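Side chains included, hydrogens not; waters and symmetry mates left out as well; all remaining heavy atoms used. Bear in mind the structure is a predicted one, so any value in this text is a computation, not a measurement.
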Amino acid sequence: MTDSRFIESLFSTLKIPKKRILFLHVRLRSIQKIAHLDYPVITKEILRLLQYYYEPEAILVPAYTFSFMHSGMFHRIFSKSEVGRFSEEIRTLIPAHYRTPDPMYSVLDVLNFLKDKPIDYTTTFGEKSLFEYLLEKNNVILNVDMEGVWSTHFHQPEQATNVPYRFNRTFSGVVYTDETHFEKIDYHAFVRNMDSNGVSYPSYYRTRTKQFLIETHIMHVIQAATVDITWMESQNFVEAIQKKLFTDPLFLIKQ
């Protein structure tokens, strides 16, 4: 099966709850090899199918820019996403979308849901942050062809349990909202340790964590050919990970 029929066969069978906030982590490579379609076409088709079948309240895609830690500069319109091709396709394909002004953890808001929400974008987590808001709304985390499991919500139970490999740090810099408007910011982040080359460590053991979430029936999986899609609700996910971290603070990283 080639072209868009393969993509539709994936997303029509997900059975995720309707009218919810969807947070997408997507890798396009395997889908492209099977469907033989260009990345922009696949990207548009994924967004179309999600809206057609599940009528989401919002579709959010990470467009994170961790370089802010070193450069001290973020431009809401022009800063490129540093977390994959899918988010860059959306950033360039859909210029009317809303991108949040968070200098490290900005998200692309395909349906312009967040634009007027009272969210504090000077902090990653905590009171009035985006991820606290999403957790309260019990957003659906959707991983498409990702190795292991990916979710920024991991860091909420890590912070709550005070894991030894992450710490709070403030980064000062400038956030540009458009070509002429900018503001200075002190951004409060919860970051991993770094080695002498500036690389974050330790690495996460994502495949084992995925297996744990599947075995506990928190993560739902469908698979076709070499592509699998998983989804889970953020509240169940955070609760389960937090319980594990209370008994084993190194659960997410231990090899």
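- For Arg20 and Glu233, the salt-bridge test passes: some basic side-chain N is under 4.0 Å from an acidic carboxylate O.
- Screening Leu114, Thr152, Ile59, Leu24 against Val107 for a side-chain contact (heavy atoms from CB on, under 4.5 Å) leaves a single residue, Leu114.
- For the atom pair Ile222 CD1 and Ser12 OG, the distance stands at 7.5 Å (nearest 0.5 Å).
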- [ ] Tell me, with the steps shown, if Tyr165 and Ile253 meet side-chain contact (heavy atoms from CB on, under 4.5 Å).
- [x] CA-CA 9 Å; Tyr165 53 88; Ile253 65 170; 3.6 Å; yes

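- Ion pairing between Arg48 and Glu45 holds under the 4.0 Å rule for side-chain N and carboxylate O.
- The CG atom of Asp248 sits 6.0 Å away from the CG atom of Leu250 when rounded to the nearest 0.5 Å.
- Ion pairing of Arg91 with Glu88 is present here, as a side-chain N (NZ or NE/NH1/NH2) and a carboxylate O approach within less than 4.0 Å.
- With no hydrogens or angles considered, no side-chain donor-acceptor pair links Asp186 and Thr170 at under 3.5 Å.
- Contacts of His220 classified as ring pair (Phe, Tyr, Trp, His ring centres under 6.0 Å), with partners at least two apart in sequence or in another chain: Trp231.
- For the pair Lys15 and Tyr53, the minimum side-chain heavy-atom distance is 4.5 Å or more.
- Between Asp38 and Lys44 there is no salt bridge, since no side-chain N of the basic residue sits under 4.0 Å from a carboxylate O of the acidic one.
- The backbone N or O of Ser67 sits less than 3.5 Å from a side-chain atom of Glu82, completing a donor-acceptor pair.
- For Ser129, the side chain to side chain donor-acceptor pair (under 3.5 Å) test picks out no residue, with sequence neighbours left out.
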TODO: Might you work through the ring-ring contact (aromatic ring centres under 6.0 Å, His included) test for Tyr98 and Phe113, ending with a clear yes or no?
DONE: CA-CA 8 Å; Tyr98 177 66; Phe113 172 78; over 10 Å; no

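- Using a cutoff of 4.0 Å between basic side-chain nitrogens and carboxylate oxygens, Glu158 and Arg166 are scored as salt-bridged.
- Checked by atom type, the side-chain pair His217/Asn236 shows no donor-acceptor distance below 3.5 Å.
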Task: Pair His153-Leu134, side-chain contact (heavy atoms from CB on, under 4.5 Å): steps then yes or no - done: CA-CA 9 Å; His153 285 293; Leu134 295 178; 4.0 Å; yes

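- Residues Phe212 and Phe251 have side chains in contact (heavy-atom distance under 4.5 Å, counting atoms from C-beta outward).
- The closest side-chain donor-acceptor pair between Arg99 and Ser106 falls under 3.5 angstrom.
- Ion pairing of Glu89 with Arg85 is present here, as a side-chain N (NZ or NE/NH1/NH2) and a carboxylate O approach within less than 4.0 Å.
- With Glu55 contributing its side chain and Gln51 its backbone, the two residues share no donor-acceptor pair below 3.5 Å.
- Checked options Tyr64, Tyr121, Phe131, Phe68; the residue passing with Asp102 is Tyr121 (criterion: side-chain contact (heavy atoms from CB on, under 4.5 Å)).
- A donor-acceptor contact shorter than 3.5 Å links the side chain of Thr65 to the backbone of Pro103.
- A ring-centre distance under 6.0 Å is found for Phe237 and Phe154.
- Residue Tyr52 places its OH atom among 12 or fewer non-hydrogen atoms of other residues, nucleotides or ligands, all under 6.0 Å distant.
- Judged by the 6.0 Å and 45° rule, Lys117 forms no cation-pi pair with Tyr133.
- Here Met73 sits in one hydrophobic cluster together with Val174, Tyr176, Phe182; the rule is ILVMFWY side chains under 4.5 Å apart, joined directly or through other members.
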Task: Stepwise side-chain hydrogen bond (donor to acceptor under 3.5 Å, both in side chains) check, Thr207 with Glu147 - done: CA-CA 7 Å; Thr207 53; Glu147 185 176 358; over 6 Å; no

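- Counting heavy atoms from C-beta outward, Thr123 and Tyr187 have side chains that stay 4.5 Å or more apart.
- At least one test fails for Lys18 against the ring of Tyr54: distance under 6.0 Å to the centre or angle within 45° of the axis.
- Between Arg27 and Asp145, at least one side-chain nitrogen of the basic residue sits less than 4.0 Å from a carboxylate oxygen of the acidic one, meeting the salt-bridge criterion.
- Side-chain rings of His188 and Phe190 stay apart, their centers remaining 6.0 Å or farther from each other.
- Judged purely by distance below 3.5 Å, without hydrogens or angles, the side chains of Gln235 and Asn139 never pair a donor atom with an acceptor atom.
- The main-chain N or O of Met146 is never found under 3.5 Å from a side-chain atom of Asn143 such that the two would form a donor-acceptor pair.
- Heavy atoms from other residues, nucleotides or ligands lying under 6.0 Å from CD of Glu127 number 12 at most.
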